[in-house]
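Here the structure is a predicted model, which is why all the values come from computation and not from measurement. Convention: sequence-line order gives letters A, B, ...; per-chain numbering from 1. Note: hydrogens, waters and symmetry copies are ignored here, and every other heavy atom, side chains too, is used.
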Amino acid sequence: MTSGGSVLRRAITGQRRDVVAASVLAAGHQGGEALVPVVIGLTIDQAVSGGSVSALLRWIAVLGAVFIMLSFSWRFSTRCGERAMERAAHEIRTKLTERVLDPRGGAETKHLPGALVNIATSDAKRVGAINGVIAYAVAALVGLVVSAIALLNMSIWLGLLVLLGTPPLLVLGHLIGRPLERRSDEEQDRAAHASGVAADLIAGLRVLKGIGAERAAIERYRQTSQDSLGATIRAARARAWHDGALLSLTGIFIAIVALVGGKLAVSGDISIGDLVAAVALSLFLQTPFALFSYANGQFAQSRASAQRVAEVLDAEPAVSGGAGKVAEFSGQVRMSGVRHGTLKDLRLDVAPGELVGVVATDPASATDMLACLGRDIDPAEGVVELDGHNLSTLDIEHARSAILVAAHDAVLFEGTLLENVTAAARGPVDRAMVAASANEVASTLPDGADSEISERGRSLSGGQRQRVALARALAADPPVLVIHDPTTAVDSVTEARIAKDLKEIRNGRTTVALTTSPALLAETDRVVLVHDGVVVAEGTHTELVDSNEVYRGTVLS
Amino acid sequence: MSRELLPIATPPRVRAVVGELLSAHKGRAVAAFGVMLVATAIGTAVAPLLGHIVDTVKAGQDALLIPVIWLVVVAVSQGLTTVLGTGMIARLGETMLATLRERFVSRALTLPLEKVEKAGSGDLTSRVSNDVTAVADVVRRALPELARASLTIVLTLAGMAVLDWRFALAALLAAPIQFHTVRWYLRHAPPLYAAHRESVGAQQQQLLDTVGGAHTVRAFRLADAHVARVQERSNAAVALALKGVRIVTQFFGRLNLAEFVGLSAVLVTGFILVNNNAVTIGVASAAAVYFHNLFTPINIALSLVDDAQSAAASMARIVGVADLPATPLPDKKPVTDALVKAASLGHAYVDGHPVLTDVDLQVAPGERIALVGASGAGKTTLVKLIAGIHKPSTGTISVGGADLQPGAVALVSQEVHVFAGTLAEDLRLANPDATDEHLRAALELVGWDAVDLDTVVGDGGHRLTVAQSQKLALARLVLADPAIAILDEATAEAGSAGARELEVAADAALSGRTALVVAHRLTQAASADRIVVLDNGRVVESGTHNELLALDGRYATLWSAWSGSR
């Protein structure tokens with residue numbers, strides 16, 4: 001069981017040396033910043049008004065020492081802190097990737113890929129930021145304590161005034177700001193909308209041009225942009241009121257400190273330097289308090305993000321893993337009494353070395369069969385057997401090495417075309433390339449098979465992508481290959497050729513083709529027709545075309 | 001095709017455009033700057049007032065109430081003028097930004113597709129998403145801060161000079177250090193930041209690749225390799241981030257030195273002046289308070305230098321496109337005679353490598369022609385020429401006897417895009433005046449009934465299936481109602497069952513139009529009025545389904561494999 005809390009704890013303890021170093025050094029920095037006004041006051045008192053050169057030199061030296069301390073503390077505190085943040089985020093990113101790719105699956109059921117990537121980037125970063133939050137909080141506390149000691153040392157009354165006056169000041173500023181800021185956030189969201197719309201229209205540029213919709217698109221964008229202009233100006237105004245209010249409040253507070261400090265100085269309770277230092281400290285004190293509220297906000301964000309990370313890490317696996325291994329597979333596949341999704345009592349027997357076509361009248365039945373064969377799920381009832389072994393008793397990775405399901409929507413990865421094909425190759429790559437006509441795809445690209453494929457193959461057309469994906473599946477050369485609609489986007493001329501080559505290259509190995517393509521079905525040894533979740537007819541393509549109305553309707557209409 | 005990026009404006013041109021935009025709002029700019037100036041000037045009264053209090057105390061007097069009341073007055077009026085001033089600056093900046101982005105988008109949308117394709121689609125996309133956002137971010141966040149901080153710096157220095165010119169001189173001792181620090185920073189930081197942004201992009205890309213393809217990764221048992229890839233990209237991004245942190249910490253470390261030098265100089269000056277009775281101790285204190293208050297605005301102003309630089313780079317890329325000559329949009333006048341005639345068409349993207357050779361094609365009004373052929377046969381190039389996206393290298397294309405005008409032929413390509421927003425908004429791009437009934441009728445025509453037009457679709461909305469997206473594209477075509485339409489592989493990616501449904505939809509959408517269809521499934525070809533078979537850039541067969549079967553040529557072979565009738 002992984003909870004948000006344990007994700008946060010691991011993010012901290014995993015980097016504890018850096019976190020401790022960053023906190024200690026950050027404390028040094030804030031402490032130093034608090035000392036600067038104190039040293040200014042002492043310099044005015046003991047050097048400027050006293051007229052002693054040696055005192056001046058002494059206090060300038062002290063000031064230099066304070067600056068050296070605060071500057072170096074900040075420098076190394078920031079480095080340690082950032083390192084702890086970045087590394088913790090990296091660890092989480094790695095864990096999330098491992099979880100998503102776990103053979104047992106299940107991480108994607110609740111989240112879309114985009115959301116998962118967001119969790120692995122933004123949320124991982126926010127969880128890592130907890131390490132910075134710790135350092136900030138420690139630093140703020142130390143800054144506060146140093147200022148408090150300095151102020152109380154001058155005068156109990158002045159110290160209490162500043163220390164007790166600052167929090168209400170900030171709370172007041174916050175209260176004035178909050179409703180405005182909330183409105184500002186809403187407006188800001190609407191403002192961000194404009195850039196989203198522009199990017200969206202540009203992404204659909206070809207579509208717009210295809211139907212001559214440029215004018216309508218420009219007009220739509222102009223309206224969005226003007227809308228969003230209004231929203232941003234309102235947002236900016238709300239923020240301006242917040243900033244202005246805080247400025248005025250601070251100024252009034254300084255005036256009060258000056259009044260009280262001045263009275264104390266006149267009566268001789270504090271020195272003139274103390275008065276100057278008190279005014280400067282009351283300005284400075286806003287930093288630690290602001291740091292507290294910032295750290296508090298960040299902490300809430302880190303916790304929420306940790307919760308999202310934990311949810312993914314803790315996702316229920318889609319299937320449970322078996323442990324069985326088999327020395328060698330002959331490639332016999334049997335589905336018996338399988339009930340899952342649209343499948344009701346499905347029976348299918350494929351002998352070793354056979355090339356069987358499966359035509360499903362309902363496309364959902366095809367995907368349901370793929371899910372059972374690829375062990376993405378375990379069927380509610382019935383068994384899937386490979387060489388007589390129940391698939392669910394086998395080690396998942398081991399089973400997948402024997403039975404490869406090449407889904408219709410299989411994606412290509414970044415890298416060269418050849419790298420994609422060879423990624424899982426166990427058989428001859430050249431033959432696979434030729435059989436899938438992927439060599440033709442390569443020949444149209446600038447660097448042939450060594451051309452880079454970008455963004456999941458989006459640089460290729462649909463038909464090119466399918467051929468490369470098919471070549472990859474053929475190169476893997478598994479004992480059992482299950483292919484699903486491998487050529488829907490391939491032109492009919494090439495499709496007919498691929499069908500012939502497929503038969504040849506898979507000769508002697510078991511192949512199941514879930515498709516409604518007549519060109520492919522014509523090359524199979526046998527076709528099985530699945531209708532309403534059960535097998536309703538079997539025979540060769542030509543036999544079924546001649547004899548079965550449902551088959552003709554599905555395949556030839 | 002060699003890549004030819006879209007133009008990037010020169011720095012003088014960027015400045016000129018900013019100047020133009022400013023002068024378009026001259027009155028507003030002057031007023032905003034004036035109000036900010038007043039607000040900041042009022043703020044600079046605080047230090048002398050504090051100095052006055054110090055002197056009063058020093059003199060042993062108790063007349064503190066008046067200066068304190070003045071402090072309150074200063075605080076309140078500074079707050080109010082700041083509200084006014086920042087509001088005005090924001091309005092100015094946002095209005096300029098809106099003008100610029102509207103000009104950019106309207107140019108980008110009217111660019112010839114050929115130009116966009118030559119640049120690679122990423123070029124324009126990254127300008128509209130990254131560059132416009134980068135500039136907007138700077139205008140929104142950095143501009144007001146920078147305006148306030150720089151005014152504070154200038155006026156504080158002026159205020160110190162009013163106390164005694166020697167204080168200002170002492171404060172300026174910090175300037176050379178700051179100047180060098182900024183120069184050093186600008187030399188080192190921008191390339192590093194650019195590299196970091198790139199590596200974060202690469203990491204994001206890898207995650208999308210791996211997570212989006214998780215099912216495929218599992219099926220092919222590539223998990224270890226993919227985890228390693230993600231780690232590698234993530235490590236690279238982390239390393240660059242930490243390098244960036246080193247630079248930033250060094251930058252502020254050097255600024256700390258400047259603070260120390262300036263503050264010491266001001267204190268020493270105060271010491272000397274007070275001891276020579278040139279100024280009072282109150283004035284010396286005021287100078288010290290002044291300088292201490294400068295720390296924050298100086299840090300803000302200097303750290304924004306980097307933002308300003310990257311905004312300028314983005315501006316150059318926006319202005320580069322916004323400055324392109326406007327291409328007039330074709331008037332949408334109805335095509336009266338929908339006869340399409342292409343004569344001796346030839347086309348080569350690269351000289352000496354013809355993709356099409358000597359193609360003659362005539363499409364009679366109302367006729368539907370199916371184009372069949374292997375990929376690479378030239379089908380897509382042919383339809384792009386007829387749609388007016390590329391100019392043919394040789395030969396002519398006419399519509400109704402006149403030269404082909406841009407926009408005369410509609411093209412629905414394989415690329416489907418669902419525009420973010422409601423379904424109705426998406427459809428109205430094709431015909432802004434269409435009523436809800438029109439929209440519903442168009443959807444029903446393509447076999448999509450009982451749908452809520454207010455469904456939010458596209459990025460961030462309801463995810464449509466491939467088949468639904470393509471039906472949407474066909475419904476748009478119906479609404480745009482062109483006389484001549486081309487469908488290029490519009491039914492290709494829906495899987496076989498979906499493809500048949502889409503064929504029916506395409507049939508309905510094309511009825512009554514002159515049409516050219518690139519057909520994958522031969523059943524779709526068979527139902528066309530005429531079939532044209534392309535091979536290697538040439539027309540090799542042309543005729544009705546039955547004629548071509550009788551010819552017993554290439555098409556007949558394909559058909560027999562397809563129908564299993566051997």
Quick check on [X] against chain B: is it the side chain, the backbone, both or neither that has a heavy atom closer than 4.5 Å?
X: I272(A); answer: side chain
X: A360(A); answer: neither
X: R220(A); answer: side chain
X: L259(A); answer: both
X: D102(A); answer: backbone
X: E219(A); answer: neither
X: V36(A); answer: side chain
X: V276(A); answer: side chain
X: L56(A); answer: side chain
X: V405(A); answer: backbone
X: T43(A); answer: side chain
X: L229(A); answer: both
X: R497(A); answer: neither

Working to the nearest 0.5 angstrom, can you tell me the gap between [X] [atom1] and [Y] [atom2]?
X: I233(A); Y: R91(B); atom1: CD1; atom2: CZ; answer: 4.5 Å
X: I211(A); Y: L429(B); atom1: CD1; atom2: CG; answer: 7.0 Å
X: W59(A); Y: F271(B); atom1: CH2; atom2: CZ; answer: 14.5 Å

Taking [Y]'s backbone N and O only, do any of them form a donor-acceptor pair with [X]'s side chain (distance below 3.5 Å, no angle check)?
X: T97(A); Y: V227(B); answer: no
X: H417(B); Y: D200(A); answer: yes
X: R75(A); Y: R246(B); answer: no
X: R218(B); Y: G374(A); answer: no

Of all of [options], which one pairs up most often with chain A through heavy atoms under 4.5 Å apart?
options: V132(B), T82(B), V274(B), L267(B); result: L267(B)
options: G85(B), A90(B), A214(B), G60(B); result: A214(B)
options: V238(B), V72(B), T86(B); result: V238(B)

Option that, when pairs with chain B are counted at under 4.5 Å, heavy atom only, ranks first among [options]:
options: R237(A), E108(A), E495(A); value: E108(A)
options: A476(A), G105(A), A407(A), A280(A); value: G105(A)
options: I396(A), T540(A), V207(A); value: V207(A)
options: W74(A), F76(A), F253(A); value: W74(A)
options: G244(A), G251(A), A423(A); value: G244(A)
options: A245(A), A255(A), S77(A), A366(A); value: A255(A)

Query raised in the report: For the side chain to side chain contact (heavy atoms under 4.5 Å, CB included) test, which of L111(B), L113(B), I389(B), L109(B) pairs with K209(A)?
Result: L113(B)
**Report entry** Short N-O contact, D62(B) and K263(A), less than 4.0 angstrom
**Finding:**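 Yes, charged N to carboxylate O under 4.0 Å.
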Determine whether the side chains of [X] and [Y] contain a donor N or O and an acceptor N or O closer than 3.5 Å.
X: R79(A); Y: T249(B); answer: yes
X: R221(B); Y: S401(A); answer: no
X: T110(B); Y: E214(A); answer: no

Query - Test of ring centre spacing under 6.0 Å for H226(B) and F413(A) - result: yes
